Amino acid sequence: MSNPQFLSMDGKLVPYVDARVHVLAPAITYGATVFEGIRGYWSGRHDDCLLFRLDDHLERLAFSMKVMRFETGLDMPLVRQWIRELVRANGQKDEVHIRVLAYVSEGPNMYVTAPIGLAIASLARPARPADAAGMRCAVSSWRRISDDSMPPRVKCASNYQNGRLASLQARHDGYDSPILLSQSGHVAEAPGSCLFMLRDGRLITPSVSSDILEGITRDTIIELAGEHLSIAVDQREVDRSELYLAQEMFLCGTASEISPVASIDGHPVGSGAAGAVTTRVREAYARLVRGDLGHQDWLTPVYRDSLTDHA
Ligand code: PMP
């Protein structure tokens with residue numbers, strides 16, 4: 001996939017190669033960066049690239065900045081405009097993955113809280129193919145960071161060293177992805193995705209106090225399941241051994257979308273292929289993000305000011 005022509009730095013379009021920060025920025029030396037990953041889906045019907053739940057992502061970015069005590073907030077309506085401008089400047093009429101990073105850009109020590117830089121990248125990234133194989137997952141021996149030390153609810157770049165350690169171990173051991181347990185030994189999440197499993201017709205997902213990122217896709221699925229699929233969802237503590245009882249399981253996130261889990265610690269989940277409920281959730285999600293299942297309040301068009309139906 002080739003690089004986009006432009007990135008946006010502090011609201012200015014800059015050529016890809018010129019999007020730099022100083023090597024001594026606290027963003028680099030101390031990981032003082034918070035970020036968001038946002039997807040845009042191309043809709044033929046609307047003849048536009050639709051950014052999914054953009055305002056919810058920007059709200060979470062503002063929350064991350066607040067918790068990390070970044071001194072200056074961002075003018076989110078302006079950031080919203082910069083994101084749309086960037087996709088248009090790159091002429092991207094396809095599926096995109098947008099990264100928004102807010103970071104402490106200068107300063108001599110660990111305690112500086114300003115100035116804050118803002119970088120936006122819009123990268124071409126196709127949706128996950130429907131027939132992609134299920135993932136082989138393993139419960140990691142690395143535990144999830146916890147709310148009383150490095151809150152997973154905050155999307156801070158340095159938090160990702162935890163998922164990175166677990167992922168590198170899982171890959172070394174021949175698995176596709178780890179599942180991390182919290183410090184209390186309950187199922188938390190995967191490094192970049194939340195987890196759902198199906199037991200006896202009900203979807204179950206670890207509660208938001210299980211040391212997870214409060215996933216926007218997770219929230220979307222809870223709403224989809226209730227509103228469109230008539231499937232009950234329980235949000236609660238989940239034990240490791242319950243994973244082995246699951247009839248279906250999938251991971252979900254903006255980037256990973258809905259990714260079926262084929263096995264966990266070598267135990268097949270159901271038949272090992274994507275189950276019927278997982279497939280229904282995936283199909284409903286694919287329609288929703290392309291503007292084919294209502295919820296227009298969750299969709300921000302890039303090229304037009306409001307959604308237009310070109311059916
Ligand atoms: N957990 C972690 C640790 C993540 O990084 C992500 C990706 N943002 C998710 C869950 C899924 O969150 P979302 O659905 O908001 O992308």
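Model, not experiment: these values are computed from the prediction. Note that these values count all heavy atoms, side chains included, but never hydrogens, waters or copies made by symmetry. Whatever order the structure lists ligands and atoms in, that order sets their numbers, starting from 1.
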Distance-only criterion, 3.5 Å: show the donor-acceptor pairs between side-chain atoms of residues 189-196 and protein atoms not counting sequence neighbours.
from	atom 1	to	atom 2	distance (Å)
Glu189	OE1	Leu213	N	3.3
Glu189	OE2	Arg144	NE	2.9
Glu189	OE2	Arg144	NH2	2.9
Glu189	OE2	Leu213	N	3.2
Ser193	OG	Ser256	OG	2.9

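- Residue contact check: Cys194 has heavy atoms under 4.0 Å from atoms 10 (C) of ligand 1.
- In Ser193, the part holding a heavy atom less than 4.0 Å from any atom of ligand 1 is the backbone.
- Those atoms of ligand 1 that come under 4.0 Å of a heavy atom in Gly215, given as number and element, are 12 (O), 13 (P), 14 (O), 15 (O).
- Minimum heavy-atom separation, Gly37 to His57: O-CE1, 3.1 Å.
- Between His46 and the choices Arg304, Gln296, Arg290, the side chain to side chain contact (heavy atoms under 4.5 Å, CB included) rule is met once, by Gln296.
- Ranking protein heavy atoms by distance to atom 16 (O) of ligand 1, first place goes to Thr254 OG1, 2.6 Å.
- The two residues Val261 and Val269 make their nearest non-hydrogen contact at O-CB, 3.6 Å.
- By heavy-atom distance, the residue among Ala188, Gly192, Ala190 lying nearest atom 7 (C) of ligand 1 is Gly192.
- Annotation: atom 5 (O) of ligand 1 to nearest protein heavy atom, Tyr160 OH, 2.4 Å.
- For ligand 1, the atoms closer than 4.0 angstrom to any heavy atom of Glu189 are 1 (N), 2 (C), 3 (C), 10 (C).
- A side-chain N or O of Ser207 and one of Ser210 form a donor-acceptor pair less than 3.5 Å apart.
- Annotation: Ile216 places an N or O atom under 3.5 Å from an N or O atom of ligand 1; distance criterion only.
- Aromatic pair Tyr160/Phe35: ring centres closer than 6.0 Å.
- Heavy-atom proximity to Lys155, at under 4.0 Å, picks out these atoms of ligand 1: 5 (O), 7 (C), 8 (N).
- Distances below 4.0 Å separate heavy atoms of Arg144 from the following atoms of ligand 1: 3 (C).
- Contact analysis puts Arg60 in contact with ligand 1, with a non-hydrogen atom separation below 4.0 angstrom.
- When only non-hydrogen protein atoms are considered, atom 14 (O) of ligand 1 lies nearest to Thr217 OG1, 2.5 Å.
- The closest side-chain donor-acceptor pair between Ser122 and Gln92 falls under 3.5 angstrom.
- In terms of protein heavy-atom proximity, atom 3 (C) of ligand 1 is closest to Pro191 O, 3.1 Å.
- Across every non-hydrogen atom of Gln247 and Asp200, the tightest pair is OE1-N, 2.8 Å.
- Between Gly37 and ligand 1 there is no heavy-atom distance shorter than 4.0 Å.
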Please determine whether salt bridge (Lys or Arg N to Asp or Glu O under 4.0 Å) holds for the pair Glu257 and Arg282, giving the CA-CA distance in whole Å, both sets of side-chain angles, and the decisive distance to 0.1 Å.
CA-CA 8 Å; Glu257 301 177 299; Arg282 193 182 47 69; over 6 Å; no

